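Letters A, B, ... mirror the listed sequences (proteins, then strands); counts begin at 1. Given the structure is predicted, the values throughout are model-derived calculations rather than measurements.
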Amino acid sequence: MSPIVTRFAPSPTGYLHIGGARTALFNWLFARGHGGTFLLRIEDTDRERSTPEATAAILQGLTWLGLDWDGEVVSQFERRDRHAEVAHEMLARGNAYKCFCTQDEIEAFREAARAEGRSTLFQSPWRDADPSTYPDRPFVIRLKAPRTGETVIEDAVQGRVVFRNDQLDDMVCLRSDGTPTYMLAVVVDDHDMGVTHVIRGDDHLNNAARQTQIFHAMGWPVPVWAHIPLIHGEDGKKLSKRHGAVGLHEYSAMGYPAAALRNYLARLGWSHGDDEFFTDAQAKSWFELSGIGRAPARLDAKKLANLSGLHIAAMDDATLLPEIEAYLQAAAAPALTPPQRAGLSAALYCLKDRAKTYPDLLEKAHFVLAQRPVQPDEAAAKVLDPVSRGILGTLTLQLQNVSWEREALETAVAAVAAEAGLGLGKIASPIRAALAGRTATPSVFDMMLILGRDETLARLKDASA
RNA sequence: GGCCCGUUCGUCUAUCGGUUAGGACACCAGGUUUUCAACCUGGGAAGAGGGGUUCGACUCCCCUACGGGCUGCCA
């Protein structure tokens, strides 16, 4: 079997869409899992709508998601001469022809056809015209598509899809200004880049038939098609701005680990038995086109959050810490100071299994990020009533000479609680408020151990004063 | 209008002619608990509708409904 080559080919008209990200992920997983190559091509032939900023945003999105591509990024626009060359080759082979119809003529035809309920398929009168009758005006080059028979797509996801050739018209390959159309450019590029598997949104399923005709016209091998269903919003409708987070950058801004998004996106529309939570290595080894579903899937924020929490918990500290710092930077938040980094690093063990996102984790890490005097938030301030402050006062005294180990601390705190006639739950609350200024934190004993004797006692004293 | 694709619990999905239709997220109840998170136990929850084919259909075929895509000298 020849090596697999896949590609992701977005048009640079905005940020990287979550659906596009999944398409890229599937291509990446398939190539990487089979020792193949994953290429990136920017479909920027529409000069009106393509911007360098959008291209940069897409590359940035892919990079954040951790999808590395092979070789240089291909600009479709820069390959326009080659596209034109192929169009002329088809002309020379007799598989294409010059059409001198004007756009106004064609538009008028379509309008009339629609009005009369006839087929709007345009059949150019120039298809079999004698070159000696050619007028001296601009022309487009159209594919001389077969008018009888069928064009068959053997799709790895959709199965066998048959199109009657009389339903397909002679598409324009080269515009009257000499620039290539998308339909031509895709085929030429995929061929020249050696793409073996075209994995893309199923909005291209119909296009695959037309593109197949071009491959045939040039005598080129047709790649394996895999048209994957589009992603829908939580309401089942086509994804759009009003669905909240649509851009990949919005997910990174919300503090989801890229690994979690990869896992979630891979599982959306693809399955490997009952496996839900998996690593990149597993995804790569498991990913097959046959595992892709045929129905559009809806985004589910709750499930993403669940997976996100599992991934954060599973990450080792050495990879988690830089991820959090990258998140901070991307969120334009102040960077960690060296003491904060050291503190956070020491506390990760008791933070990572209780957070669903990075901001969630950071909020629970407040005790190690804040400096004295710790400002309690509203809920914590409420906990620190006079009675609680009194208890904290005696606790401070009792902890004075305790050996700073978990067991000793637990014993000491339990003793104070018993003395006050309280359960551990009751006394933990004010301690939490005093040490963290928050009501949701790691275990109070973990905090004491991380903070150390001096800092702990100082904070307790601050709060009881 | 024409062509094409799709339709299993609320959601993501398993099933590839024979299962009490399984799992996960979410939800509800209970447990554990030091808040949060996590965890444990239990529960409710699905084959769009109608025809076929077959001894037997979620699974194969047809129709309908609904959803989506394409129908550009956009990509």
Side-chain angles (χ1 to χ4, degrees), chain A residues 9-13 43-46 48-50 76 99 101-103 106-107 110 113-114 116-122 138-142 153 155 157-159 161-164 167-169 171-177 179-183 185-186 201-207 209-210 227 229-230 232 234 236-238 264 267-277 290 293-307 309-310 313 351-356 360-361 363-364 379 383 413 423-429 431-433 436 438-445:
Chain A
S11 14
T13 55
E43 310 225 310
D44 52 359
T45 55
D46 184 342
E48 303 274 305
R49 296 196 292 169
S50 300
Q76 191 159 67
C99 171
C101 294
T102 66
Q103 293 188 58
I106 297 170
E107 187 47 42
R110 289 211 174 96
R114 230 186 310 268
E116 292 171 38
R118 285 185 289 112
S119 165
T120 57
L121 285 185
F122 179 70
F139 58 87
V140 300
I141 293 182
R142 305 186 93 106
I153 303 300
D155 195 282
V157 173
Q158 308 289 342
V161 183
V162 180
F163 295 86
R164 280 171 44 183
Q167 297 291 336
L168 270 14
D169 56 11
M171 78 201 96
V172 172
C173 291
L174 206 65
R175 300 187 186 99
S176 51
D177 65 359
T179 61
T181 59
Y182 161 78
M183 217 58 85
V186 177
D202 69 6
D203 49 334
H204 286 287
L205 183 55
N206 292 274
N207 292 338
R210 300 164 177 283
H227 289 93
L230 268 15
H232 286 177
E234 306 212 25
K237 299 285 188 191
K238 190 185 174 186
Y264 175 72
R267 190 64 187 71
L268 196 62
W270 170 79
S271 64
H272 179 263
D274 285 337
D275 294 302
E276 299 283 351
F277 176 69
S290 59
R294 286 156 300 280
R298 303 183 188 198
L299 248 16
D300 182 353
K302 292 264 183 60
K303 187 154 184 173
L304 204 211
N306 173 267
L307 275 176
L310 295 177
L351 286 167
K352 61 186 180 185
D353 59 353
R354 29 176 39 102
K356 288 188 185 297
D360 185 7
L361 185 150
E363 174 60 19
K364 283 170 175 163
V383 169
V413 170
L424 179 59
K426 287 291 181 193
I427 200 172
S429 184
I431 297 174
R432 183 169 293 115
R438 295 288 183 273
T439 51
T441 75
S443 149
V444 295
F445 302 110

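- Taking atom CD of residue A/Glu48 and atom P of nucleotide B/rC73, one finds them 16 Å apart after rounding to whole Å.
- No engagement by A/Asp275 is indicated, since no non-hydrogen atom pair under 4.0 Å with the nucleic acid exists.
- Distances from the side chain of A/Phe163 to the nucleotides B/rC73, B/rC12, B/rC3 place B/rC3 closest.
- For A/His232, taking side-chain heavy atoms from C-beta onward, the closest of the listed nucleotides B/rC36, B/rG67, B/rC25 is B/rG67.
- In terms of modelled atom types and a separation under 3.5 Å, the side chain of A/Ser443 and the main chain of A/Phe445 share a donor-acceptor contact.
- Using a 4.0 Å heavy-atom criterion, one finds that A/Lys302 contacts the sugar-phosphate atoms exclusively.
- Side-chain atoms of A/Ser443 come within donor-acceptor range of the base of B/rU34, with a qualifying N/O pair under 3.5 Å.
- Separation of the P atoms belonging to B/rG1 and B/rA38 is 49 Å when rounded to the nearest angstrom.
- Taking atom P in both B/rA21 and B/rG43, the straight-line distance is 16 Å, to the nearest Å.
- Closest to the A/Arg354 side chain, of the nucleotides B/rU71, B/rC73, B/rC36, is B/rC36.
- No side-chain heavy atom of A/Asn206 sits under 4.5 Å from any side-chain heavy atom of A/Arg210.
- Across all strands shown, B/rU11 forms a Watson-Crick or G-U wobble pair, both distances under 3.5 Å, with B/rA24.
- Taking atom P on both B/rG42 and B/rC55, the two are 42 Å apart, rounded to the nearest angstrom.
- Residue A/Phe277 is classed as having no contact, given no heavy-atom separation below 4.0 Å to the nucleic acid.
- Nearer to the 5' terminus of RNA chain B, by closest-nucleotide assignment, is the contact made by A/Leu168 (compared with the other of A/Pro296 and A/Leu168).
- Among the protein residues, A/Gln158 comes within range of the sugar-phosphate backbone only, with heavy atoms under 4.0 Å from sugar or phosphate atoms but none that close to a base.
- With distances taken from any side-chain atom of A/Arg432 to the nucleotides B/rA14, B/rA38, B/rU34, the minimum falls on B/rU34.
- The side chain of A/Asp203 has B/rG69 as its nearest neighbour among B/rG69, B/rU13, B/rC25.
- Nearest nucleotide to the A/Ala297 side chain, out of B/rC4, B/rC12, B/rG6: B/rC12.
- Atom CG of A/Asn206 is separated from atom C1' of B/rC70 by 4 Å (rounded to the nearest Å).
- Between A/Asp46 atom CG and A/Thr179 atom OG1 the span is 9.5 Å, to the nearest 0.5 Å.
- Residue-level contact check: A/Thr181 touches the backbone only, with heavy atoms under 4.0 Å from sugar-phosphate atoms and none from bases.
- Annotation: of the two residues near RNA chain B, A/Ala355 and A/Arg298, the 5′-most nearest-nucleotide partner is A/Arg298.
- Under the Watson-Crick or G-U wobble criterion, with both distances below 3.5 Å, B/rU54 has no partner in any strand shown.
- Within a 6.0 Å sphere centred on CD of A/Glu48, other residues, nucleotides and ligands contribute 12 heavy atoms or fewer.
- Rounded to whole Å, the distance from CD1 on A/Ile427 to C1' on B/rU33 is 17 Å.
- Residue contacts for A/Gly201: at a heavy-atom cut-off of 4.0 Å it reaches no nucleic acid atom on any strand shown.
- With both pairing distances under 3.5 Å, B/rC39 is matched to B/rG31 as a Watson-Crick or G-U wobble pair.
- In this entry the distance linking CG of A/Asp274 with P of B/rU15 reads 9 Å, nearest Å.
- For the C1' atoms, the distance from B/rA26 to B/rG10 is 8 Å, rounded to whole Å.
- Residues A/Lys364 and A/Arg438 fail the side-chain proximity criterion, which asks for heavy atoms closer than 4.5 Å.
- Closest to the A/Arg267 side chain, of the nucleotides B/rA26, B/rU7, B/rG23, is B/rG23.
- A distance of about 39 Å separates the P atoms of B/rA65 and B/rA24, rounded to the whole Å.
- Without hydrogens or angle criteria, A/Asp44 side chain to A/Ser50 main chain gives no donor-acceptor distance under 3.5 Å.
- The CZ atom of A/Arg210 sits 12 Å away from the P atom of B/rC70 (whole-angstrom rounding).
- Minimum atom distance to the side chain of A/Glu276 is reached by B/rA24, of the listed B/rA24, B/rG69, B/rA37.
- In this structure, the side chains of A/Arg432 and A/Val444 come closer than 4.5 Å at one or more pairs of heavy atoms.
- Using modelled atom types, one side-chain atom of A/Thr181 and one backbone atom of A/Val172 make a donor-acceptor pair closer than 3.5 Å.
- For the pair A/Asn207 CG and B/rC5 P, the computed distance is 15 Å after rounding to whole Å.
- Counted within 6.0 Å of CZ on A/Arg118, heavy atoms from surrounding residues, nucleotides or ligands total more than 12; the atom is thus considered enclosed.
- Here the side chain of A/Arg110 is nearest to one of B/rG72, B/rU34, B/rC4, namely B/rG72.
- The partner of B/rG47 cannot be assigned: no Watson-Crick or G-U wobble pair with both contacts below 3.5 Å exists in any strand.
- Residue contacts shown for A/Val172 are limited to sugar-phosphate atoms, with no base heavy atom under 4.0 Å away.
- Taking atom P on both B/rA57 and B/rG52, the two are 11 Å apart, rounded to the nearest angstrom.
- For the pair A/Leu205 CG and B/rG67 P, the computed distance is 20 Å after rounding to whole Å.
- Remark: the A/Lys303 side chain and the B/rC12 base include a donor-acceptor N/O pair separated by less than 3.5 Å.
- The CG-P distance, from A/Asp202 to B/rC3, rounds to 19 Å in whole Å.
- B/rA37 and B/rG23 have their P atoms separated by 25 Å, given to the nearest Å.
- In this structure, A/Leu205 and A/Asp155 have side chains that are in contact, with non-hydrogen atoms separated by less than 4.5 Å.
- Within 4.0 Å (heavy atoms only), A/Leu424 reaches at least one base atom of the nucleic acid.
- Residue A/Ser271 is in sugar-phosphate contact alone, with no base atom involved, counting any heavy-atom pair closer than 4.0 Å across all strands shown.
- As judged by a 4.0 angstrom heavy-atom cut-off over every strand, A/Lys356 is placed among residues touching the sugar-phosphate backbone only.
- Residue contacts shown for A/His227 are absent, as no nucleic acid heavy atom lies under 4.0 Å away.
- Using a 4.0 Å heavy-atom criterion, one finds that A/Pro442 contacts the bases of the nucleic acid, with or without backbone contacts as well.
- Side-chain nitrogen and oxygen atoms of A/Thr45 include at least one within less than 4.0 Å of the OP1 or OP2 phosphate oxygen of B/rA75.
- Within 4.0 Å (heavy atoms only), A/Val161 reaches sugar-phosphate atoms of the nucleic acid but no base atom.
- Remark: B/rC3 base-pairs with B/rG69; criterion is Watson-Crick or G-U wobble with both hydrogen-bond distances under 3.5 Å.
- Of the candidate nucleotides B/rU34, B/rG69, B/rA14, B/rG69 has the atom lying nearest to any side-chain atom of A/Leu230.
- The gap from the C1' atom of B/rG2 to that of B/rU11 amounts to 34 Å, rounded to the nearest Å.
- Residue A/Arg294 is classed as a sugar-phosphate contact, given heavy-atom separations below 4.0 Å to backbone atoms only.
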